[in-house]
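When a ligand or atom number is given, it counts from 1 through the structure's own listing order.
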Amino acid sequence: MTTGSLLAADLVIAVLASAAWLGGGAASAARRRPLALGLAAVALLATLARVITITALARAGWWFAAEKVLIAAPLSLAAVGIAGPRLLRAPGDIRAVAVPLFFAGYATSSALLVTILHGYPASAGAGLLAVAGVVAATVISGRALGAHLPRTVSRVALVVAVAALLTGTGLTVAPGAAPAVPHDHGSPAARIADEPTRRFTLTAGTATVDAGGRNVAAWAFNGQVPGPELTATVGDVVEVTLRNRDIGRGVTVHWHGYDVPNDQDGVPGVTQAAVRPGQEFVYRFRADQAGTYWYHTHSASDVGVRMGLYGVLVVRPGPATGLDVTVPVHTLAGRPLPVPKVEQVEAGLPVRLRLINTDSTTHRYAVAGTAFRVAAIDGVDLRGPTPLVDTAVLIPAGGRYDLVFDAPATPVALFVDGRAVYSTGPVSTATGAWPVLDPLGYGATAPVPWSRFDKTFTLVLDRGLDLRRLLPRYAHTVNGAADPDIPPQVVRRGDVVRFTIVNRSQIVHPWHLHGHHVLVLARDGEPATGSPLWLDSFDVRPGEVWEVAFRADNPGMWANHCHNLAHADAGMTLHLMYS
Ligand code: C2O
Ligand code: CU
């Protein structure tokens, strides 16, 4: 069983246990003896079953089990210890066990709330609040049922409630507030003034675009979605003038995966101010990395990218050879945008499909009718990629895969999520059952260039209640905090930095660090065995633990966030900062 399914199973069992204890309490209060005993038996079994799931989660990593071991386990033990013996003595008047059963129900549900609302790391404040809630609810139920509760219960209730109030703010206080983000701008223009320059203008504006035969309202660069494809040759200087015609939320251009100098990175509030309607901003950087990239607004990025403010950036080492096409996949107004059609190609012609996922969720791609190789991922060439047949690839939000093959004489088709987006003739469409490539084991291995790390950081991804804003929100959190309260990761230039990224939530988080490609070291404790993988976007699935590393060689203040942009907006953004 994967850790992800264990997390889900544990959650389901915990819900079942809570519901059964509470149901048992209600049934006994209503003197429904068989029902009460049946529900109590289910509750008992479910509670005991959690010994197995919690132990297994703790073995997969303390991050997955901390609050369950420290808070849920003691509360569940108390539930079993108090309700169990009374049930076994099953008195003639079943109503007498109602309060112990309610107590068990409150104990298991408050522990469940700690997992759902607070998550990792477990804190004393959360534990005390949970206990206070249980005691208070039990006392109230006892009163309502006219049960006689020992004096000590109320005393304990009072003490715990006061302690919870005093420490309970631990629920809302994140460890150390994030320092203000500096705004220092270099002048790249001066550094790279007289080199061959590729000039582009991107004008952002509201537009109505044709999305496969229907008109939809969009936000577009130069009136089109995607925006114009920007191409350059290694060594060129790219100069892009961004104008904002009428996007009220402001616009910037972020060069996704392109490790530009910090002041060109296009993150509003961090590397520049958002460009307001009527304003402009000029980006300049040297195109020194070949490969497939994309650009998008980083101002109100969730809605901005979804509405269409994105485009492709391709940097080639020299003139394009063969058929070299980009396939930016995007969902506009809820439906997949059609990708530009390719003409028939003659057999033997080398083909490069640059697949780009510009959505916030993973897409599955399959090429049918030919063997192919994955030549590059996230703009970086792989070492020794071998031919693949009848194999699908999963591209995370923001990620890119370059697939290469020689055009066969027979038809070829490209499928995205089972839908044919290109085809040069009829091919088998049963790509749904194909195995999926695991890039961590693909291509020829090479040693990791570092043996020690100057800095290590752990990012535990979860959900939690964020009470630090005017309106409370159910945030996507990193180490229990939400943007802007996640402490930045501080490194020095030249440091070799290692990140451990742990997903203890129930959803995929496509992780994206700006300004650097990271080398994948291991996933779930298994070292990567294929070609070195230098990624800028990778899916951390529920229950997964990724180890990645990079050299801190690009000074500045860099966003480090989930590229499900709704998650990034809802708290899952922090910063990497050079001291
Ligand atoms: Cu493509 Cu910070 O994002
Ligand atoms: Cu996410």
Side-chain angles (χ1 to χ4, degrees), residues 4 119 181 221 226-227 250-260 262 264-272 274 283 292-313 328-330 356-362 378-379 395-400 459-464 466 473-479 481-484 486 488 501-518 535-544 546 554 556-576:
V181 170
F221 285 122
V251 181
T252 63
V253 178
H254 166 59
W255 312 97
H256 183 113
Y258 219 72
D259 300 332
V260 296
N262 192 238
Q264 304 302 301
D265 196 44
V267 179
V270 178
T271 67
Q272 67 170 100
Y283 296 91
T292 309
Y293 303 90
W294 62 298
Y295 62 87
H296 61 80
T297 184
H298 220 288
S299 186
S301 61
D302 177 31
V303 50
V305 176
R306 208 166 359 100
M307 291 293 283
L309 289 174
Y310 72 95
V312 171
L313 168 68
V329 166
H330 191 79
I356 307 170
N357 182 356
T358 71
D359 278 328
S360 270
T361 52
T362 317
D378 286 358
I395 306 187
R400 290 88 58 213
L459 304 175
V460 180
L461 315 181
D462 201 354
R463 297 208 75 167
D466 177 14
R473 59 174 178 169
Y474 193 36
H476 291 273
T477 58
V478 179
N479 300 339
D483 183 45
I486 309 172
I501 306 180
V502 180
N503 184 352
R504 48 163 277 155
S505 79
Q506 307 286 331
I507 29 178
V508 177
H509 296 296
W511 205 257
H512 174 55
L513 169 64
H514 286 213
H516 308 74
H517 275 70
V518 300
L535 306 181
D536 57 61
S537 309
F538 50 95
D539 271 345
V540 184
R541 296 187 187 85
E544 281 186 350
W546 285 65
N554 196 4
M557 181 81 166
W558 300 99
N560 187 18
H561 64 90
C562 178
H563 217 280
N564 182 319
L565 297 172
H567 299 177
D569 258 19
M572 208 170 251
T573 300
L574 69 159
H575 296 88
L576 174 79

Q.
If I compare all heavy atoms of N357 with all of T361, which pair ends up nearest, and what's the gap?
A. ND2-O, 2.9 Å

Q: Mind listing the closest non-hydrogen atom pair of G257 and H512 along with its distance?
A: N-CE1, 4.1 Å

Q. Do any of the N, O or S atoms of H254 sit under 2.8 Å from atom 2 (Cu) of ligand 1?
A. no

**Q.** Aromatic ring proximity, centroids under 6.0 angstrom, H561 and H567
**A.** no

May I ask you to check if any N/O/S atom from [X] comes under 2.8 Å of atom 1 (Cu) of ligand 1?
| X | result |
| --- | --- |
| H256 | yes |
| H563 | yes |
| H512 | no |

**Q.** Residue of the set R306, H563, H330 for which side chain to side chain contact (heavy atoms under 4.5 Å, CB included) holds with D359
**A.** H330

Q.
Please report, to 10°, the angle around atom 2 (Cu) of ligand 1 from atom NE2 (H298) across to atom NE2 (H514).
A. 100°

Q: Would you name the N/O/S atom of H509 that lies closest to the Cu ion (ligand 2)?
A: ND1

Q: Would you check if there is a donor-acceptor pair between the side chains of D265 and H254 at a distance under 3.5 Å?
A: yes

(Q) Would you say the Cu ion (ligand 2) has C562 as a near neighbour, meaning an N/O/S atom of that residue under 2.8 Å away? (A) yes

Q) Checking only N/O/S atoms, does H567 have one that is under 2.8 Å from the Cu ion (ligand 2)? A) yes

**Q.** W294 side, atom CH2; H256 side, atom NE2 - distance, nearest 0.5 Å
**A.** 6.0 Å

